[in-house]
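From a predicted model like this one, the values you see are computed outputs, not experimental measurements.
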Amino acid sequence: MSEEGPVIELTARQLQIVELVKAHAPITGEQIAEMLGLSRPTLRSDLALLVMLGLVDAKPKVGYTPGSSMTPGSQVSRKLLGIKVKDVQSIPVVVRENASVNDAVVMLFMENVGSLIVVDDEDCLSGVISRKDLLKFTLGNTNAASMPVSMVMTREPNVIHVSPDESVIDAARKMIHHQVDSLPVVVESKAAQVSGRSRWDVVGRVTKTIMTNILVDLAMDR
């Protein structure tokens, strides 16, 4: 690790975008997409990450220009790369896997969250259930309300999660790549393994709202 912080590895397409912005700035998202032979929605997550990292700047009614906030050794760069998930994670909102879909819907709105973390009887991560999951499951299904959330959730090991010691940049990249709004924060559990796989204790959650607040705080400190 250098004094400037860990190196962030970008994808080949993201590197192409950075080079196009350097060569043609100001350039719009539509122009970048056309040059790469892709659709604008396909590039949305790449552009969002590059803007977050400060590698490109987005100017309304102008387009994308080379970034200025992530120059080597900059204060913002060091601060952002030094923030760990454990520094910003919030309390997890969990539900048991035998809870009903109706209970899950009520909890979503009571807690004002976009997804719930599902745990088993030993409080280990069992799955995740989102508003979209519930909406798709309940539409036209008159018996949905009484069914257990285990029938609706995305099951572990297919749940994308993050550890407390990972950087917020790693968490943000996972959210963007997998198109999710939040991630469970987990540590390896002492509970017995299942089919040779480790189990995970849920210790928190990290959301896109938390990421946005981090960026706002860093911008105000500049």
Does S115 offer a backbone N or O that forms a donor-acceptor pair with the side chain of R205 under 3.5 Å?
no

Testing the basics here: between I160 and L183, what is the closest heavy-atom pair and its distance to 0.1 Å?
O-CD2, 3.4 Å

Measure the shortest side-chain to side-chain distance between V119 and S126 over non-hydrogen atoms and say whether it is less than 4.5 angstrom.
no

Minimum-distance pair of heavy atoms, taken over all atoms of E97 and P148:
O-CB, 3.9 Å

Note: V85 and S167 closest approach over all heavy atoms is CG2-O, 3.9 Å

Tell me if the CG atom of N158 is crowded by more than 12 foreign heavy atoms within 6.0 Å.
yes

Quick check: are there more than 12 heavy atoms from other residues, nucleotides or ligands sitting under 6.0 Å from NE2 of H177?
no

For R96, the option from D120, D123, D103 that meets side-chain contact (heavy atoms from CB on, under 4.5 Å):
D123

Do the side chain of Q89 and the main chain of V203 share a donor and acceptor less than 3.5 angstrom apart?
yes

Going from CZ on R131 to CG on L116, what distance comes out if it is rounded to the nearest 0.5 angstrom?
9.5 Å

Rounded distance (nearest 0.5 Å) linking atom CD of Q16 with atom CE of M35:
12.0 Å

According to a hydrophobic-cluster definition based on side-chain heavy atoms being under 4.5 Å apart (Ile, Leu, Val, Met, Phe, Trp, Tyr only), do L134 and V94 belong together?
no

Say whether V152 and V95 are linked into one hydrophobic cluster, either directly or through other cluster members, by side-chain heavy-atom distances under 4.5 angstrom.
yes

Spell out, yes or no, whether V93 and V185 are grouped together once hydrophobic residues are joined by side-chain heavy atoms under 4.5 Å, including indirect joins.
no

Closest contact, heavy atoms only, V62 versus P26
CG1-CB, 3.5 Å

Roughly how far, to the nearest 0.5 Å, is CG of D46 from CG of L15?
10.5 Å

Consider only side-chain heavy atoms of I, L, V, M, F, W and Y, link residues closer than 4.5 Å, and tell whether V106 and V101 are in one cluster.
no

Which residue, E188, E122, E156, forms the salt bridge (charged side-chain N to carboxylate O under 4.0 Å, His left out) with R199?
E122

Walk me through whether V18 and Q14 qualify under side chain to side chain contact (heavy atoms under 4.5 Å, CB included).
CA-CA 6 Å; V18 171; Q14 289 162 357; 5.7 Å; no

E166 and salt bridge (charged side-chain N to carboxylate O under 4.0 Å, His left out): which single residue from K84, K174, R173 fits?
K174

Taking atom CD of Q193 as the centre, does the number of heavy atoms from other residues, nucleotides or ligands within less than 6.0 Å exceed 12?
yes

Any M175 side-chain heavy atom under 4.5 Å of V206 side chain:
yes

Rounding to 0.5 Å, atoms CD1 (I32) and CZ (R13) come to a distance of 12.0 Å

Contact between V162 and D170 at the side-chain level, heavy atoms closer than 4.5 Å - yes or no?
no

Of all heavy-atom pairs between G204 and P92, which one has the smallest distance, and what is that distance?
CA-CD, 3.5 Å

Is a side-chain N or O of Q31 found less than 3.5 angstrom from the main chain of T28, in a donor-acceptor match?
yes

Please examine the side chains of V159 and L125, heavy atoms only from C-beta on, and report whether any two atoms are closer than 4.5 Å.
yes

How far apart are the C-alpha atoms of N98 and S150, what are their side-chain angles, what is the distance that settles it, and do they pass the side chain to side chain contact (heavy atoms under 4.5 Å, CB included) test?
CA-CA 7 Å; N98 59 357; S150 58; over 6 Å; no

Nearest 0.5 Å please: distance from the OG1 atom of T42 over to the CZ atom of R44.
9.0 Å

Is there a side-chain contact between V113 and L108 in this structure, where contact means two heavy atoms from C-beta onward sitting under 4.5 Å apart?
yes

Check this for me: E30, atom CD, are more than 12 non-hydrogen atoms of other residues, nucleotides or ligands nearer than 6.0 Å?
yes

Given the rule in the side chain to side chain donor-acceptor pair (under 3.5 Å) test, do N141 and T138 qualify, once you have shown the distances and angles that lead to the verdict?
CA-CA 5 Å; N141 187 348; T138 56; over 6 Å; no

Pairwise side-chain contact, L47 with R40, heavy-atom cut-off 4.5 Å (strictly under)
yes

Verify the neighbour count for atom CG of L135: are there more than 12 heavy atoms of other residues, nucleotides or ligands below 6.0 Å?
yes

Would you compute the distance between atom OG of S45 and atom CD1 of I176 and round it to the nearest 0.5 angstrom?
6.5 Å

With side chains defined as the heavy atoms from C-beta onward, is the minimum distance between V186 and S163 less than 4.5 Å?
no

Tell me, with the steps shown, if T207 and D181 meet side chain to side chain contact (heavy atoms under 4.5 Å, CB included).
CA-CA 6 Å; T207 67; D181 293 331; over 6 Å; no

For the pair F137 and M147, evaluate side chain to side chain contact (heavy atoms under 4.5 Å, CB included) and give the outcome as yes or no after the intermediate values.
CA-CA 10 Å; F137 187 73; M147 293 182 178; 3.4 Å; yes

Are V118 and F109 linked, directly or through other ILVMFWY residues, by side chains that come within less than 4.5 angstrom of each other?
yes

Which atom pair, heavy atoms only, marks the closest approach of V149 to S100?
CG1-O, 3.6 Å

Any side-chain heavy-atom pair from L50 and Y64 closer than 4.5 angstrom?
no

